Asker: 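The structure under discussion is supplied below as structure tokens; questions concerning it will follow.
Labels below follow one simple rule: chain letters A, B, ... track the order of the sequence lines, proteins then strands, and each chain is numbered from 1. Everything numeric here is computed off the predicted structure, so don't read it as measured data.
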Amino acid sequence: MSNAVTLSLNFSHKLYEAADIRALASLYAAQLQLCCPQKPISYSLAQNVHSHMVISGFRLRGHILNRLIDIYGKFHNLVYARHLFDKMPQPDLVARTTMITAYSASGNIKQARKIFDDTPLSMRDTVSYNAIITGYSHNGDGYGAIEVFLGMLHRSFIPDNFTYTSVLSALRLIADDERECQQLHCTVVKSGTSCCTSVLNALLSLYVTCASSPSVSSSSLMGAARKLFDEMSERDELTWTTMITGYVRNDDLDLAREIFDFMSEKLVVVWNAMISGYVHHGFYSEALEMFRRMHLVGIRQDEFTYTSVLSACADAALFRHGKEIHGYIMRKEAKYSADFSVSVNNALVTLYSKCGKAHEARHIFNNMPLRDPVSWNAILSGYVNAGNIDEARQFFSEMPGRNHLTWTVMISALAQNGFGEGGLKLFNQMRLEGFQPCDYAFAGAVTACGNLGAFEHGRQLHAQLIRFGYESSLSVGNALITMYGRCGIVEAALSLFLTMPFVDSVSWNALIAAMGQHGQGGQALELFEQMLEADILPDRITYLTVLTACSHAGLVKHGRHYFDSMHTYGITPGEDHYARMTDLLCRAGMFSEAKELIDKMPFVPGAPVLEALLAGCRIHGNLDLGIQAAEELFKLVPQHDGTYILLSNMYATAGRWEDVARVRKLMRDKGVKKEPGCSWIEVENKVHVFLVDDAVHPEVLAVYNYLEQLGLRMRELGYVPDTKYVLHDMESEQKEYSLSTHSEKLAVAYGLLKLPRGATVRVFKNLRICGDCHNAFKFMSKVVQREIVVRDGKRFHHFRDGDCSCGDYW
DNA sequence: GTAGGGTTAG
């Protein structure tokens with residue numbers, strides 16, 4: 001093509017010399033016609049022709065000028081297109097429409113509209129209306145498109161098939177209402193236009209899209225879509241595909257399959273749509289079966305097919321199948337690999353990551369000829385899923401092209417792995433770098449607040465996410481329920497749950513946990529019964545939560561009943577469930593029953609069971625069994641720093657100071673670094689965080705140190721301060737700190753000391769070690785010699801000089 | 001009109 005243009009440019013010199021202007025004009029026009037907007041090289045050719053015209057003094061006008069504007073517009077050189085447009089003394093309708101299209105295509109709908117508005121009414125036609133309507137629709141502004149469309153009808157312009165197609169796709173952006181769809185359907189039918197297939201397809205697509213909107217009855221809209229489909233005299237590929245994908249998206253795979261089976265020549269797209277539908281609904285074997293059939297029937301599979309089927313293997317943990325398909329793709333597609341590979345390789349990376357083969361995943365990643373953000377994110381979440389947070393962090397800091405999903409993955413990873421403050425920092429940084437957080441990112445940040453007990457911060461996030469319009473998002477709602485629950489605001493968790501448009505088992509689990517953690521065991525169990533009545537199937541986490549609730553409320557009989565009834569829902573108790581039962585029995589002081597349970601269980605008692613046993617022993621002062629459990633735990637997981645501390649604490653409680661010294665020596669020898677313990681508390685809406693170097697009696701020592709700092713003399717109590725602690729105010733962010741979950745009473749003590757009489761304190765975290773809290777309150781009321789009021793949810797508990805009236809709470 | 005990377009509950 002370029003040769004043709006160059007040759008003809010030479011020829012145009014001759015024409016120019018011969019002063020044959022008309023021939024010259026048609027030659028230029030022909031040259032510009034050769035410039036195909038799809039090919040980048042055309043742009044420079046068009047520029048060539050243009051400069052040739054300028055140099056030769058040829059006067060630009062009419063359709064040649066329009067064509068140039070069109071070309072510059074299509075290559076997004078709006079400045080030049082506009083320059084030419086402005087040179088026209090009276091731009092004609094074609095030039096105006098071209099400019100409108102050019103501006104819309106480059107996203108500048110405002111300028112497009114301005115040109116449209118400047119076009120006199122008498123000049124406009126249906127095509128120019130179509131241009132601006134399509135512009136709005138492509139720019140995601142459904143209302144703008146409709147507004148122009150209505151104006152068009154009002155001024156008696158006649159819509160054509162293009163108009164309807166654009167208006168229908170604009171409506172898909174806004175209509176979530178059955179009535180609107182049907183009104184539009186009537187308008188189209190009544191308009192008397194002989195509807196071409198593309199208009200009917202657009203209408204069909206409108207029905208199908210609206211049907212998946214949450215606020216609408218999908219079955220009746222899909223019914224209407226089906227009626228339209230059945231009535232259509234001509235159906236093209238798009239018609240069939242829209243109908244099939246519509247059923248897939250609206251969770252009716254059987255009807256989708258019915259149409260699919262009915263379709264005579266099935267395109268690869270429809271196969272893909274069916275497969276992806278099966279995958280998304282968890283019907284993995286159907287997806288794989290369809291993949292096999294495609295191969296047998298001889299349909300040419302494409303990258304959509306491969307990615308879907310690989311993700312089926314990844315989600316169903318069918319590693320062997322996945323590997324076989326990997327081999328199959330390699331054999332079949334060796335020739336095409338380059339273009340193909342990005343998305344397929346991404347799916348492979350995900351497959352290997354999810355199946356725990358981090359090494360292989362990384363190998364594929366390293367050998368990828370091309371990578372896109374998805375590839376990087378796939379590796380990142382591979383690290384996160386494997387619990388490898390350090391590596392994930394490192395990878396995150398080095399990776400190029402982070403997108404909002406990268407941030408979301410990292411924020412959630414930090415929030416869930418005890419780095420709540422890191423997660424919140426990242427959330428802020430994400431926004432500073434100009435990424436708008438999506439609902440999942442908010443969910444991650446809210447989770448971080450929940451884990452930190454940072455209620456004020458969490459509440460602020462709640463307010464912000466409402467402004468973003470995320471309050472009806474399921475994951476955000478679930479994260480908020482959890483956050484409020486962990487911060488002890490059970491009423492807020494409940495009212496949020498009640499206002500959520502959709503809830504799932506996660507929401508129920510979160511709410512039951514919120515109740516159970518805050519001493520409202522009876523209500524938690526009631527809620528569980530309501531969940532069953534609502535036909536939400538309980539899962540293993542539901543049972544963990546229910547057993548925890550029973551344990552906190554001391555409901556031994558209920559706990560046993562629920563534990564025994566797990567199998568009715570096809571759930572086999574895991575070691576964690578046995579651990580909860582052990583916890584329940586031991587807290588109730590039923591050690592022989594606990595022992596019986598442990599002997600009976602189909603596992604060798606591991607760390608969770610032993611920890612539960614140990615905790616019960618500490619509460620009930622069952623020193624022999626406690627020490628036995630601590631020693632076994634120590635043997636089982638000597639690599640865990642925490643077990644040293646547990647063991648030394650247990651010896652300390654039993655007064656076996658020589659053993660304490662022995663363990664501490666072991667710790668020093670092995671270079672075990674003690675993780676600082678921490679607590680936090682909200683006092684008068686301000687969050688205070690405590691850091692404490694855990695020691696033999698961390699709570700007492702830290703309280704002691706703090707009191708001494710205040711000038712109070714506590715030495716006569718007989719505790720020896722051999723440990724330091726750091727006080728930190730989270731809001732000032734002046735110091736590094738790390739958080740863990742124990743020593744709640746410290747924070748309580750700290751908060752109380754700074755309180756005026758009768759002030760309100762909100763205690764965070766669960767009060768499982770309530771016996772100890774109780775003592776801490778008593779202890780502190782003695783120290784400060786005044787009444788202490790503790791608020792937990794709606795209840796107030798009063799402590800006076802060592803006495804207490806804490807009611808049924810503990 | 002179809003695909004690949006994510007989230008929330010213990």
Asker: For Phe563(A), which residues count as a ring-ring contact (aromatic ring centres under 6.0 Å, His included) partner, sequence neighbours excluded?
Answerer: Tyr578(A)
Asker: Students often mix this up, so state it plainly: with edges at 30° and 60°, are the rings of His462(A) and Tyr484(A) parallel, tilted or perpendicular?
Answerer: tilted
Asker: Quick one: list whatever passes ring-ring contact (aromatic ring centres under 6.0 Å, His included) with His404(A), sequence neighbours left out.
Answerer: none
Asker: Output the rounded distance in Å from CZ (Phe435(A)) to P (dG5(B)).
Answerer: 20 Å
Asker: Under the 3.5 Å rule, do the base of dG1(B) and the side chain of Asn201(A) count as making a donor-acceptor pair?
Answerer: no
Asker: Measure the distance from CD1 on Ile325(A) to P on dG4(B) and round it to the nearest whole Å.
Answerer: 14 Å
Asker: Using a cut-off of strictly less than 4.0 Å between a heavy atom of the residue and any atom of DNA chain B, enumerate the qualifying residues of residues 437-449 of chain A by number.
Answerer: Cys438(A), Tyr440(A), Thr447(A)
Asker: Just to verify, what does Ser507(A) make a side-chain hydrogen bond (donor to acceptor under 3.5 Å, both in side chains) with, not counting sequence neighbours?
Answerer: Asn478(A), Asp504(A)
Asker: Would you say dG10(B) has OP1 or OP2 under 4.0 Å from some side-chain N or O of Gln416(A)?
Answerer: no
Asker: How would you list all residue pairs meeting salt bridge (Lys or Arg N to Asp or Glu O under 4.0 Å) that involve residues 538-553 of chain A, not counting sequence neighbours?
Answerer: Arg540(A)-Asp576(A)
Asker: Provide, to the nearest angstrom, the distance between the NE2 atom belonging to His404(A) and the P atom belonging to dT7(B).
Answerer: 12 Å
Asker: Quick one, which residues of residues 470-478 of chain A touch DNA chain B with a heavy atom under 4.0 Å?
Answerer: Ser475(A), Asn478(A)
Asker: Would you indicate which nucleotide in dG6(B), dT2(B), dA3(B) comes nearest to any side-chain atom of Thr245(A)?
Answerer: dT2(B)
Asker: Whole angstrom is fine here: how far is it from CH2 in Trp376(A) over to P in dG4(B)?
Answerer: 22 Å
Asker: Below 3.5 Å, can you tabulate the donor-acceptor pairs from side chains in residues 264-271 of chain A to any protein atom, sequence neighbours excluded?
Answerer:
from      : atom 1 : to        : atom 2 : distance (Å)
Lys266(A) : NZ     : Met263(A) : O      : 3.2

Asker: Counting only side-chain heavy atoms from C-beta out, which of dA9(B), dT7(B), dG5(B) sits nearest to Ser412(A)?
Answerer: dT7(B)
Asker: Output the rounded distance in Å from CG (Asn509(A)) to P (dG10(B)).
Answerer: 8 Å
Asker: Who passes side-chain hydrogen bond (donor to acceptor under 3.5 Å, both in side chains) against Arg257(A), sequence neighbours left out?
Answerer: Asp261(A), Tyr278(A)
Asker: Taking only residues two or more places apart in sequence or in another chain, which ones pass side-chain hydrogen bond (donor to acceptor under 3.5 Å, both in side chains) with Tyr383(A)?
Answerer: Arg362(A)
Asker: Is it true that the NZ or CZ of Arg393(A) lies under 6.0 Å from the centre of Phe419(A)'s six-membered ring and within 45 degrees of the ring axis?
Answerer: yes
Asker: Arg540(A) side chain N/O closer than 4.0 Å to the phosphate oxygens (OP1, OP2) of dA9(B)?
Answerer: no
Asker: Report the distance from atom CG of Asp504(A) to atom C1' of dT8(B), rounded to the nearest whole Å.
Answerer: 8 Å
Asker: Testing Phe442(A), Phe396(A), Phe427(A) one by one against Trp407(A) for a ring pair (Phe, Tyr, Trp, His ring centres under 6.0 Å), which residue passes?
Answerer: Phe396(A)
Asker: Return the value, rounded to whole Å, for the distance between atom CG of Leu414(A) and atom C1' of dG6(B).
Answerer: 14 Å
Asker: Answer with base, sugar-phosphate or nothing: what part of the nucleic acid does Asn403(A) contact at a heavy-atom distance below 4.0 Å?
Answerer: base
Asker: Quick check on contacts: within residues 265-280 of chain A, what sits under 4.0 Å from DNA chain B by heavy-atom distance?
Answerer: Leu267(A), Val269(A), Asn272(A), Ser276(A), His280(A)
Asker: dG5(B), dG4(B), dG10(B): which one has an atom nearest the side-chain heavy atoms of Pro373(A)?
Answerer: dG5(B)
Asker: dG1(B) base to Thr241(A) side chain: any donor-acceptor pair below 3.5 Å?
Answerer: yes
Asker: Within the pair Gln301(A) and dA3(B), is there a side-chain N or O less than 4.0 Å away from OP1 or OP2?
Answerer: no
Asker: OP1 or OP2 of dG6(B) versus the side-chain N and O atoms of Ser381(A): is any pair under 4.0 Å?
Answerer: yes
Asker: Checking Tyr562(A) now: which residues fulfil ring-ring contact (aromatic ring centres under 6.0 Å, His included) with it, not counting sequence neighbours?
Answerer: Phe528(A)
Asker: Under a 3.5 Å distance rule, please check whether Thr548(A) uses its side chain to pair with a backbone N or O of Leu544(A) as donor and acceptor.
Answerer: yes
Asker: Examine dT7(B): is either OP1 or OP2 under 4.0 Å from a nitrogen or oxygen in the side chain of Thr408(A)? Give yes or no.
Answerer: no
Asker: Under the side-chain hydrogen bond (donor to acceptor under 3.5 Å, both in side chains) test, which residues partner His326(A), sequence neighbours left out?
Answerer: Tyr352(A)
Asker: I need the CD1-C1' distance between Ile541(A) and dT7(B), as an integer number of Å.
Answerer: 14 Å
